[in-house]
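Each chain gets a letter, A, B and so on, in the order the sequences are listed, and its residues count up from 1.
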2 protein chains.
Amino acid sequence: MGDTQTGRPRGRRREADLNDARLMQAAREVFAEQGWDAPVSEIARRAGIGMGSLYRRYPSKELLAQRMRVVGMEQLVAQARTALSEEPDPWAAFARFLRDALSAQGPGGPLLPLVGGRLPATDEIVAAAAQLRAALEDLVEGAHRAGVLCADFTAADVPLLLEHLTARIPVTDERATALHLRYLDLILAGLRTSAADEPTALRGPAPDWAELSELWNASEG
Amino acid sequence: MGDTQTGRPRGRRREADLNDARLMQAAREVFAEQGWDAPVSEIARRAGIGMGSLYRRYPSKELLAQRMRVVGMEQLVAQARTALSEEPDPWAAFARFLRDALSAQGPGGPLLPLVGGRLPATDEIVAAAAQLRAALEDLVEGAHRAGVLCADFTAADVPLLLEHLTARIPVTDERATALHLRYLDLILAGLRTSAADEPTALRGPAPDWAELSELWNASEG
DNA sequence: TTTGAGCGGAGCGCTCCGCTCCGATACGGT
DNA sequence: ACCGTATCGGAGCGGAGCGCTCCGCTCAAA
């Protein structure tokens with residue numbers, strides 16, 4: 001932590017910071033499109049950076065991906081906090097966060113850290129995950145308290161739902177995001193309860209946070 | 001067509017037919033889980049069949065996948081026809097088909113022919129696709145006529161929606177299917193219009209069948 | 001018992017990946 | 001202006017893992 005507090009770096013140092021930002025962006029795009037097996041060279045190419053510079057900054061593909069997960073989760077937390085503070089209505093905040101998460105996770109880029117599941121969790125990652133969990137729980141707790149959210153929809157549903165809405169389809173990023181948002185609207189319509197409606201339409205056991213941890217972190221070495 | 005009209009094959013021939021059925025099943029499971037890059041040896045292993053037998057029946061991975069697509073589409077057509085004939089209510093037929101498609105596409109196996117997009121379409125495939133299109137249009141037309149389906153939801157939405165609901169998550173097949181069905185229920189709740197509701201909640205341009213063709217078939221050689 | 005069509009799986013050649021090494025580049029102190 | 005040097009970029013190396021083939025073995029049919 002604290003590597004962004006450089007007071008206006010200049011020259012070579014500034015270039016390195018720009019490179020790092022570009023790398024995170026490119027890594028998220030490429031991993032989202034092609035999965036874990038995407039070649040590192042493709043990430044470097046899309047970031048406009050040579051392999052040497054990439055491997056100087058991140059000594060292995062695994063470390064690069066782990067850092068990318070942290071950045072992605074931090075961005076989600078920021079989006080959740082923004083939605084919570086800028087939208088007074090709990091339902092509006094909830095809906096806005098989902099839309100932001102689907103569309104703004106990088107230009108056209110689909111979702112977040114679900115490269116995981118095969119790379120071990122660092123301390124940084126578990127800390128970011130804890131913060132993400134807290135933010136999502138704030139979001140759904142608020143909607144629940146307002147009585148506008150389907151009763152047995154949990155905070156752990158959110159990442160899984162986003163994952164389900166982020167199909168890897170080989171079209172332009174804009175078109176893919178448009179389709180994601182199209183089907184998200186369907187989900188939102190189904191999630192919203194109009195006051196004392198009939199019991200929720202959700203079937204099957206809700207996921208919990210432990211299940212998510214197993215999905216996101218490698219089982220063991 | 002017409003290779004299933006054998007009058008009770010016996011002995012070695014019967015084993016070959018069983019092998020073929022097992023192969024289709026295993027191929028769908030493996031491709032669904034791991035995508036096109038899944039090793040052929042894994043398909044053979046899961047089918048309980050040697051590589052020799054597999055490559056005797058299908059001279060290349062591509063031909064195997066093309067045949068699998070045809071079988072998968074034919075199964076979807078059969079499920080659509082069954083839903084249409086067994087469920088008198090158009091909405092019930094529509095909902096049942098979606099649930100069947102998500103769960104029964106092989107035990108626990110996710111969806112269908114979206115290995116495509118990189119392998120060329122054979123005549124058999126375009127014929128099966130045409131039949132699938134007709135069946136899906138019957139399904140949504142019926143629901144539309146009954147006035148219970150969100151207005152600008154088209155038949156071409158169905159495969160894309162199923163694809164969106166079939167996230168590849170590394171859990172047991174049963175759990176994955178349960179999650180798919182959980183979020184399908186949300187979609188169904190959002191899709192259903194109660195008579196003259198407010199205008200549909202769908203945004204963005206609806207997909208059409210031409211877009212699907214581009215997704216499913218290789219652009220060119 | 002003989003036979004041979006059809007089965008299973010070990011191995012070959014090749015593609016493609018993660019990662020390293022080194023010449024080229026341009027910043028910053030003097 | 002000039003040079004020392006930290007950093008950049010991409011060609012190449014070793015190896016993993018794939019599609020596909022080849023061949024010894026099994027077992028229904030005669």
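For Ser53(A) and dG9(D), the shortest distance from a side-chain N or O to OP1 or OP2 is below 4.0 Å.
Ranking dG18(C), dT7(D), dC19(C) by closeness to the Pro39(A) side chain, first place goes to dG18(C). In the set dA11(D), dC20(D), dG6(C), the nucleotide with an atom closest to the side chain of Lys61(B) is dC20(D). For Tyr55(A), whose side chain is taken as the heavy atoms from C-beta onward, the closest listed nucleotide among dC19(C), dC17(C), dC20(D) is dC19(C).
Ala47(B) comes within 4.0 angstrom of nothing in the nucleic acid, heavy atoms only.
Judged by closest nucleotide on DNA chain D, Glu62(B) is the one of Glu62(B) and Arg56(B) placed further toward the 5' end. Comparing Ile49(B) and Ala38(A) along DNA chain C, the residue whose closest nucleotide (by nearest heavy atom) sits nearer the 5' end is Ile49(B).
Distance alone, capped at 3.5 Å, is enough to place a donor-acceptor pair between the Asp157(B) side chain and the Thr154(B) backbone. Put simply, the side chain of Lys61(B) gets close to the backbone of Trp36(B): a donor and an acceptor are under 3.5 Å apart.
For the pair Arg57(B) CZ and dA5(C) C1', the computed distance is 16 Å after rounding to whole Å. Residue Leu63(B) contributes atom CG, which lies 14 Å from atom P of dG19(D) at whole-angstrom precision. Here dC19(C) presents its C1' atom at 14 Å from CD1 of Ile43(A), a figure rounded to the nearest Å. Between the C1' atom of dC17(C) and the CZ atom of Phe31(A) lies a distance of 13 Å, rounded to the nearest Å. As a whole-Å value, the separation of Tyr58(B) OH from dG19(D) C1' is 18 Å. One atom, CE of Met51(B), and another, P of dC23(D), lie 16 Å apart when rounded to the nearest Å. Separating the CD atom of Glu42(A) from the C1' atom of dC16(C) is a distance of 14 Å, rounded to the nearest angstrom. Atoms CD (Gln34(A)) and C1' (dC16(C)) sit 13 Å apart, rounded to a whole Å.
Among all heavy-atom pairs drawn from Leu102(B) and Thr177(B), the shortest one is O-CG2, 4.3 Å.
Rounded to 10 degrees, the angle separating the terminal helix axes of the helix from dT1(C)-dA30(D) to dT30(C)-dA1(D), each built from five base pairs, is 20°.
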List, one per line, each side-chain donor-acceptor pair under 3.5 Å for residues 129-139 of chain B, sequence neighbours excluded.
unit_1, atom_1, unit_2, atom_2, d
Arg133(B), NE, Glu137(B), OE2, 3.1
Asp138(B), OD2, Arg81(B), NH1, 3.0

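Between the side chains of Gln25(B) and Glu29(B), a donor-acceptor pair is found at a separation under 3.5 Å.
A salt bridge does not link Arg67(A) to Glu62(A): none of the charged side-chain nitrogens sits closer than 4.0 Å to a carboxylate oxygen. The pair Glu124(B)-Arg69(B) fails the salt-bridge criterion, with no side-chain N (NZ, NE, NH1 or NH2) lying under 4.0 Å from an Asp/Glu carboxylate O.
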